**Q** 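One structure, as structure tokens, below. Some questions next.
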Amino acid sequence: MLLGYVASRGVIYGLLYDAISDVPVYFDYAVAGVDRGRMPYRDIAKLEYPPTAYWAVCLPRYLSSWRLPEVDEPRLRIDPQYAAEYDALRRRHLNHYDWGFRGLMLACDVVAFAALASILARRRPRLVAAGAATYVIVTSLLAVLLLDRFDIGLTALLLVWAYAWLRAAEPNDRGFWSALSYAALGAGISFKLIPVLAVPFVLLGEARQWYRDRKARRLVIGPAVLLAFGAGPFVYYYAQAGDDLGRLFAYHSRRGVQIESTFASAMMLVDAHGKLNAYYDYGAWNLAGPGERTLAQLSPWLTVGLLGLLGLRCLAARRFGADFDAASAYRAVCVAIPLAAATSKVLSPQYFLWILPLSILAAAEFAERREFLAVCAAMIVIAALTTFVFPLHYMETLTITPPYDRNLPPPFALMRNITAGPPGGPVLVAGLSTSLVPIAALCLRNLLFVALATSAAYQFLRPSDGGTRIHR
């Protein structure tokens, strides 16, 4: 398995390049911040990434001595030779940055793989090979996203948190693993925001642990480290940029229903009149149509409601015959974050780089070997369908505008188009619409993902003991 991992990463790093890459965007942010000295969130107004993610984007530039000279905008518009020379210079700088950024993401991938294998070795030794193989396969299927987006950095932080959190629960820990777990979780929050959903479960587990052993030092140091790494970067930039930092949160709160999200798939399946269309806004393609605003507003409330159920289950753990401990908090986090992604109005394809590894760990907690292998197979299908839609058929996915068969109720109106194709539109072999086949694949992917996330949540909520049945 290790040989397969090394071989796959050699191919991905050395040979594969995604034409729809975010690296040029990261490069422009890094040049603005490092080369030009502009202040994030104030001078770089459209920056949508939290502070730690911004630092990760800038790190390859900080480590390089290359600096791109300031462009002469008036001359750029009137002097073709200057424009061509500057464009060639920028391309050389971008290529240099690209190798550095991809190397940084490869290092994060190595950390994530090692942490996942180590966790499985401690929790379910018999599932190490299957779990590690699933990680290698799904991340290889998502290869065009693995090194050209920064999400694998979040994967590394979450899996380091999980490993360190479990080690901190051991009697011989003197505080190192506890501090590392909180540092990784805090860095994850200031990296991508969504790990903040883990905080209530973690702090509840910490409080229960303190109640049992009365080690006040850990109860104080852990949350202090969490605040330093989680809130510290935001406090720093608030001191520098003031209220301009709020643009980051306003940006994400105003986003619509992204076309890859589960809510968008629901809109596709229930619309019988072809009133849907894709539009670009807030850095992503979204789906406009009946119910879009309602679903966008419903999303956070549905997420809070489902996570509230998990929280109630944690608080009532003793009623189900088992106390809520560090292992229970670990299970809750592995379930909660994928579940939150399933109910989010935004579900970018690169999110599966951290959703699926957490789902592997969750499945290892609740499933016997045969069930675990079935869940792993479902994850592989999810990763394959994700890549089929993006980037292979993404442009076709955005053309969801053909007339539907109004004589059929939903979702058969959509299925009618998938099998027959739009009138006069491009048709594949056996009459499959070139635009709706990717849409069908996207809907199937999201149905499988929702089933995966809700199944793990059900296993956690069931009256047995929140997953400890497997570990007895």
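If you're wondering where the values come from, they're calculated on a predicted model, not measured in any experiment.
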**Q** Taking all heavy atoms of Thr386 and all of Pro349, pick out the closest pair and write down the distance.
**A**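 Shortest heavy-atom contact: CG2-CB, 3.7 Å.
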**Q** Can you see whether Thr343 engages Thr303 through a side-chain donor-acceptor pair at a distance of less than 3.5 angstrom?
**A**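 The answer is yes; a qualifying pair exists.
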**Q** Counting N and O atoms only, with roles assigned by atom type, does the side chain of Asn277 sit under 3.5 Å from a partner on the main chain of Leu287, one being a donor and the other an acceptor?
**A**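 Side chain of Asn277 to backbone of Leu287: no pair is present.
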**Q** Considering residues at least two apart in sequence or located in another chain, which fulfil the ring pair (Phe, Tyr, Trp, His ring centres under 6.0 Å) criterion with Phe176?
**A**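 Checked Phe176 against ring pair (Phe, Tyr, Trp, His ring centres under 6.0 Å); zero matches.
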**Q** What pairs with Gln350 under side-chain hydrogen bond (donor to acceptor under 3.5 Å, both in side chains), at least two apart in sequence or on another chain?
**A**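 For Gln350, no residue satisfies side-chain hydrogen bond (donor to acceptor under 3.5 Å, both in side chains) once neighbours in sequence are set aside.
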**Q** Scan residues 118-144 for pairs that pass ring pair (Phe, Tyr, Trp, His ring centres under 6.0 Å), counting only residues two or more places apart or in two chains.
**A**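 Qualifying pairs, neighbours excluded: Phe113-Tyr135.
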**Q** At what distance, to the nearest 0.5 angstrom, does CG of Leu339 lie from SG of Cys334?
**A**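 Going from the CG atom of Leu339 to the SG atom of Cys334 covers 13.0 Å.
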**Q** Report yes if the side chains of His252 and Tyr282 come closer than 4.5 Å at any heavy-atom pair, otherwise no.
**A**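 SC-SC contact between His252 and Tyr282 ruled out.
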**Q** Measure from the side-chain N and O atoms of Arg102 to the backbone N and O of Tyr13, and report whether any donor-acceptor pair falls under 3.5 Å.
**A**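 Side chain of Arg102 to backbone of Tyr13: a pair is present.
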**Q** Applying side-chain hydrogen bond (donor to acceptor under 3.5 Å, both in side chains), can you list everything that pairs with Tyr62, at least two apart in sequence or on another chain?
**A**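 Not a single residue meets the side-chain hydrogen bond (donor to acceptor under 3.5 Å, both in side chains) criterion with Tyr62.
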**Q** Does any N or O in the side chain of Ser261 come within less than 3.5 Å of the main-chain N or O of Ala264, such that one atom is a donor and the other an acceptor?
**A**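 Side chain of Ser261 to backbone of Ala264: a pair is present.
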**Q** After noting the C-alpha distance and the side-chain angles of Met105 and Val23, does the key distance pass the side chain to side chain contact (heavy atoms under 4.5 Å, CB included) rule?
**A** CA-CA 11 Å; Met105 294 302 102; Val23 173; over 6 Å; no
**Q** Looking only at non-hydrogen atoms, find the nearest pair between Leu47 and Leu248 and report the distance.
**A**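 The pair with the smallest heavy-atom distance is O-CD1, 4.4 Å.
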**Q** About how many Å separate CH2 of Trp99 and CG of Leu104, when rounded to the nearest 0.5 Å?
**A**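 Those atoms lie 15.0 Å apart.
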**Q** Give me the atom names and distance for the closest heavy-atom approach of Ser8 to Val136.
**A**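 Heavy-atom minimum between the residues: OG-CG1, 4.0 Å.
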**Q** Pairs in or reaching into residues 183-200: which pass salt bridge (Lys or Arg N to Asp or Glu O under 4.0 Å), with residues at least two apart or in two chains?
**A**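 Passing the test, one end in residues 183-200: Asp151-Lys192.
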**Q** Is the side chain of Ser190 donor-acceptor paired with the backbone N or O of Ala187 at a distance under 3.5 Å, no angle test?
**A**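 Here the side-chain-to-backbone pair exists.
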**Q** Going through the checks in order, is the side chain to side chain contact (heavy atoms under 4.5 Å, CB included) test met by Ile189 and Val199?
**A** CA-CA 9 Å; Ile189 292 170; Val199 172; 3.6 Å; yes
**Q** Can you name the residues that form a ring pair (Phe, Tyr, Trp, His ring centres under 6.0 Å) with Phe388, not counting sequence neighbours?
**A**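 Ring pair (Phe, Tyr, Trp, His ring centres under 6.0 Å) check on Phe388 returns His393.
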**Q** Using a strict cut-off of less than 4.0 Å between a Lys/Arg side-chain nitrogen and an Asp/Glu carboxylate oxygen, indicate whether Glu292 and Lys345 qualify as a salt bridge.
**A**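 Lys345 and Glu292: not salt-bridged.
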**Q** Please check this pair: side chain of Ser118 against backbone of Ala114, looking for a donor-acceptor N/O pair closer than 3.5 Å.
**A**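 Checking the backbone N and O of Ala114 against the side chain of Ser118, a donor-acceptor pair under 3.5 Å is found.
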**Q** Going by heavy atoms in the side chains, are Gln258 and Ser348 under 4.5 Å from each other?
**A**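 Yes, side chains in contact.
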**Q** Closer than 3.5 angstrom, by distance alone: can the side chain of Trp165 be matched with the main-chain N or O of Ala326 as a donor-acceptor pair?
**A**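 Here the side-chain-to-backbone pair exists.
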**Q** Do you know which two heavy atoms are closest between Ala198 and Leu185, and how far apart they sit?
**A**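 Shortest heavy-atom separation between Ala198 and Leu185 comes out as CB-CD1, 4.0 Å.
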**Q** Only counting residues at least two apart or in another chain, list the ones meeting ring pair (Phe, Tyr, Trp, His ring centres under 6.0 Å) with Phe263.
**A**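 Once residues adjacent in sequence are excluded, Phe263 has no partner under the ring pair (Phe, Tyr, Trp, His ring centres under 6.0 Å) criterion.
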**Q** Donor-acceptor check, side chain of Arg67 to backbone of Arg36, threshold 3.5 angstrom: yes or no?
**A**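 Such a contact is absent between Arg67 side chain and Arg36 backbone.
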**Q** Of all residues at least two apart in sequence or in a different chain, which pass the side-chain contact (heavy atoms from CB on, under 4.5 Å) check with Thr387?
**A**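 Partners of Thr387 under the side-chain contact (heavy atoms from CB on, under 4.5 Å) test: Leu142, Pro391, Leu392.
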**Q** Measure from the side-chain N and O atoms of Asp22 to the backbone N and O of Arg149, and report whether any donor-acceptor pair falls under 3.5 Å.
**A**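 Checked: no pair found.
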**Q** Excluding sequence neighbours, so at least two apart, what forms side-chain contact (heavy atoms from CB on, under 4.5 Å) with Met39?
**A**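 Scan of Met39 (side-chain contact (heavy atoms from CB on, under 4.5 Å), adjacent residues dropped) gives Arg42, Asp43, Tyr237, Gln240, Ala241.
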**Q** Is there a side chain to side chain contact (heavy atoms under 4.5 Å, CB included) between Leu444 and Leu385 once you walk through the steps?
**A** CA-CA 8 Å; Leu444 176 59; Leu385 291 173; 3.9 Å; yes
**Q** Rounded at 0.5 Å granularity, tell me how far CG in Leu94 sits from CH2 in Trp66.
**A**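 Output value for this atom pair is 11.0 Å.
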**Q** Begin with the C-alpha distance, continue with both residues' side-chain angles, and end with the deciding distance and a verdict on side chain to side chain contact (heavy atoms under 4.5 Å, CB included) for Tyr238 and Tyr41.
**A** CA-CA 9 Å; Tyr238 183 77; Tyr41 310 110; over 6 Å; no
**Q** Got a sec, which pairs hit salt bridge (Lys or Arg N to Asp or Glu O under 4.0 Å) with one end in residues 1-10, sequence neighbours left out?
**A**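 For residues 1-10, and leaving out neighbouring residues, the salt bridge (Lys or Arg N to Asp or Glu O under 4.0 Å) pairs sorted by first residue read Arg9-Asp109.
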**Q** Using the ring of each side chain (for Trp, its six-membered ring), is Phe234 parallel, tilted or perpendicular to Phe249, with breaks at 30° and 60°?
**A**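 Geometry flag for Phe249 against Phe234: tilted rings.
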**Q** Side-chain contact, heavy-atom cut-off 4.5 Å: Val375 with Phe366?
**A**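 No, side chains not in contact.
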**Q** Between Arg167 and Tyr163, do the side chains contain an N or O donor and an N or O acceptor separated by less than 3.5 Å?
**A**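 Yes, side-chain donor-acceptor contact under 3.5 Å.
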**Q** Other residues, nucleotides and ligands only: do more than 12 of their heavy atoms fall within 6.0 Å of CZ on Phe229?
**A**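 Atom CZ in Phe229 is not crowded, with 12 or fewer foreign heavy atoms closer than 6.0 Å.
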**Q** Report yes if the side chains of Arg445 and Glu260 come closer than 4.5 Å at any heavy-atom pair, otherwise no.
**A**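 The answer is yes, as the side chains (C-beta and beyond) meet within the 4.5 Å cut-off.
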**Q** How long is the span from the SG atom in Cys58 to the OH atom in Tyr97, to the nearest 0.5 Å?
**A**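 Reported value, rounded in 0.5 Å steps: 7.0 Å.
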**Q** Does Tyr29 have its ring centroid less than 6.0 Å away from the ring centroid of Tyr54?
**A**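 Not close enough - the centres of the two rings lie 6.0 Å or further apart.
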**Q** Going by heavy atoms in the side chains, are Leu159 and Trp354 under 4.5 Å from each other?
**A**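 No, side chains not in contact.
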**Q** Name the orientation class of the two ring planes belonging to Phe150 and Tyr49 (parallel below 30°, tilted from 30 to 60°, perpendicular beyond 60°).
**A**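 Judged by the thresholds at 30° and 60°, the geometry between Phe150 and Tyr49 is perpendicular.
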**Q** Ignoring hydrogens, what is the shortest heavy-atom contact between Val160 and Ala115? Give both atom names and the distance.
**A**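 Distance-wise, the nearest heavy atoms are N-CB, 4.3 Å.
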**Q** Can you spot which of Val111, Leu147, Ile12, Ile152 makes a side-chain contact (heavy atoms from CB on, under 4.5 Å) with Leu106?
**A**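 Considering Val111, Leu147, Ile12, Ile152, a side-chain contact (heavy atoms from CB on, under 4.5 Å) with Leu106 is found only for Leu147.
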**Q** What's the shortest heavy-atom distance between Leu373 and Ala130, and which atoms?
**A**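 Where Leu373 meets Ala130 most closely, the heavy atoms are CD2-CB, 3.6 Å.
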**Q** Going by the side-chain contact (heavy atoms from CB on, under 4.5 Å) test, name the single residue among Asp281, Val257, Val346 that passes it with Asn286.
**A**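 So, applying the side-chain contact (heavy atoms from CB on, under 4.5 Å) to Asn286 and each of Asp281, Val257, Val346, only Asp281 qualifies.
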**Q** Test: salt bridge (Lys or Arg N to Asp or Glu O under 4.0 Å). Region: residues 234-252. Which pairs qualify, not counting sequence neighbours?
**A**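 Listed once each, the pairs are Asp244-Arg247.
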**Q** Within the 3.5 Å criterion, strictly below it, is a donor on Glu206 or Tyr182 matched to an acceptor on the partner's side chain?
**A**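 Note: Glu206 and Tyr182 side chains meet the donor-acceptor criterion.
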**Q** Would the distance check show the side chain of Asp325 and the main-chain N or O of Ser328 forming a donor-acceptor pair, the cut-off being under 3.5 Å?
**A**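 Yes; judged by distance alone, with no hydrogens or angles, the pair exists.
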**Q** Are the side chains of Ile355 and Ile337 in contact, using a 4.5 Å heavy-atom criterion?
**A**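 Sidechains of Ile355 and Ile337: no contact.
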**Q** Does any non-hydrogen side-chain atom of Arg123 lie less than 4.5 Å from one of Leu120?
**A**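 The answer is no; the side chains never approach within 4.5 Å.
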**Q** Can you list every pair that meets salt bridge (Lys or Arg N to Asp or Glu O under 4.0 Å) and has a residue in residues 125-142, with sequence neighbours left out?
**A**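 Listed by first then second residue: nothing to list.
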**Q** Taking side chain as C-beta onward, heavy atoms only, is Phe390 less than 4.5 Å from Met395?
**A**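 Not in contact.
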